[in-house]
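See below for the structure under consideration.
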Amino acid sequence: MIKFINAFFIFIIATLINWVGIELFSPLDINIGTMLAFSIIMAGILNEAGGYTFAFMSGLFLDFFSDVLFGGYALVFTLIMFIFYHIDDKIDFKDIGPQVVITAALNVLCVLLYGVCGLIFTGNFLWQGLKSFAAGSALTGLFMPFIYIFVTKYLIFNVLKKNNENKNLF
């Protein structure tokens, strides 16, 4: 039960940081993928069922604020986690370089997949704009090491730290 409470606590912190990111960067027309970054971190900590659940709930949270395609972010985040779990064992995600590159690339893929979902379900490709696409992906990648350190040093209880290597959560 303590493991679930810790994951839920991290989700609440992720939503607050997402809100702050929206408030800071929306006047610049930049969409930062903080919920995606937290989902990627939790996918590295949790087992596949826990990672998929965290990513789905993060996407569903974003869908509640979207007025275009309800369920699109939940679907795209789940697909992104599917890709992440296939490359997770091939990279050392604890280093800063892979964190930045993989997160920026997955954010690019997330924006493109969301646009394709819009094309499939609404008939229009949902495009956020080139500025938001490029700057948002770059900033998401650059913020990832700071978010990773914040989560792994301060937000994970000792129970999760012990299970981090084995991915025995949920």
For this session: Can you sort out the partners of N18 under side chain to side chain donor-acceptor pair (under 3.5 Å), two or more places apart, ordered by chain and number?
Result: T34
For this session: Quick one: pull up OG1 in T53 and CG in L46 and give me the separation to the nearest 0.5 Å.
Result: 8.5 Å
Problem set entry | Side-chain heavy atoms of Q128 within contact of F133, under 4.5 Å | no
For this session: Check the pair F11 / L16 against side chain to side chain contact (heavy atoms under 4.5 Å, CB included), numbers first and verdict last.
Result: CA-CA 9 Å; F11 179 78; L16 292 174; over 6 Å; no
Exercise. Can you tell me how far the SG atom of C117 sits from the CG atom of L113, to the nearest 0.5 Å?
Worked result: 6.5 Å
For this session: Please round to the nearest 0.5 Å and tell me the distance separating atom OH of Y148 and atom NZ of K94.
Result: 5.5 Å
Exercise. With a 6.0 Å cut-off on ring centres, are F70 and F64 close enough?
Worked result: yes
Exercise. How many angstroms lie between CD1 in I80 and SG in C110, if you round to the nearest 0.5 Å?
Worked result: 5.0 Å
Exercise. Can you hop from F146 to L142 via hydrophobic side chains spaced under 4.5 Å?
Worked result: no
Exercise. Parallel, tilted or perpendicular: which fits the ring planes of Y154 and F150, with parallel below 30° and perpendicular above 60°?
Worked result: tilted
Problem set entry | I32 reachable from W19 in the ILVMFWY side-chain graph, under 4.5 Å edges | yes
Exercise. What's the spacing between L60 CG and M35 CE if we round to 0.5 Å?
Worked result: 10.0 Å
Exercise. Can you name the closest pair of heavy atoms from G51 and M81 and give their distance?
Worked result: O-CG, 4.1 Å
Exercise. With F56, which residues qualify under ring pair (Phe, Tyr, Trp, His ring centres under 6.0 Å), at least two apart?
Worked result: none
Exercise. Hey, does the side chain of T140 reach the backbone of G33 with a donor-acceptor pair shorter than 3.5 angstrom?
Worked result: yes
For this session: Could you state whether F143 and I149 fall into the same hydrophobic cluster, counting links through intermediate Ile, Leu, Val, Met, Phe, Trp or Tyr residues with side-chain heavy atoms under 4.5 angstrom apart?
Result: no
Problem set entry | From L106 atom CG to I40 atom CD1, the distance as rounded to the nearest 0.5 Å | 4.5 Å
Seminar exercise, completed: On a heavy-atom basis, the closest approach of I30 and A135 is CD1-CB, 3.8 Å
For this session: Show the numbers, then the answer: is there a side chain to side chain contact (heavy atoms under 4.5 Å, CB included) between F82 and T78?
Result: CA-CA 6 Å; F82 178 76; T78 306; over 6 Å; no
Seminar exercise, completed: Correct closest heavy-atom pair for Y85 and A43 would be OH-O, 3.1 Å
Exercise. Is there a chain of hydrophobic side chains (I, L, V, M, F, W, Y, each step under 4.5 Å between heavy atoms) that links L79 to L36?
Worked result: yes
Problem set entry | Donor-acceptor side-chain pairing of Y114 and S66 below 3.5 angstrom | yes
For this session: Give the C-alpha distance, both sets of side-chain angles, the deciding distance and a yes or no for ring-ring contact (aromatic ring centres under 6.0 Å, His included) between F54 and F38.
Result: CA-CA 9 Å; F54 192 91; F38 273 93; 7.6 Å; no
For this session: Give a yes or no on whether V101 and I41 share a hydrophobic cluster (residues Ile, Leu, Val, Met, Phe, Trp, Tyr; joining criterion: side-chain heavy atoms under 4.5 Å apart).
Result: no
Problem set entry | Nearest heavy-atom neighbours spanning T15 and I12 | OG1-O, 2.6 Å
Problem set entry | Contact check, side chains of M144 and F93, non-hydrogen atoms, under 4.5 Å | yes
Problem set entry | Taking every non-hydrogen atom, the tightest pair across Q99 and P145 | OE1-CA, 3.1 Å
For this session: For atom CZ of F125, decide whether the heavy atoms of other residues, nucleotides or ligands shown that lie under 6.0 angstrom number more than 12.
Result: yes
Problem set entry | Donor-acceptor pair, side chain of T103 and main chain of A37, under 3.5 angstrom | no
Exercise. Above 12 or not: heavy atoms from other molecules or residues under 6.0 Å from CD1 of I96?
Worked result: no
Exercise. Does D63 use its side chain to pair, donor to acceptor, with the backbone of Y73 at less than 3.5 Å?
Worked result: yes
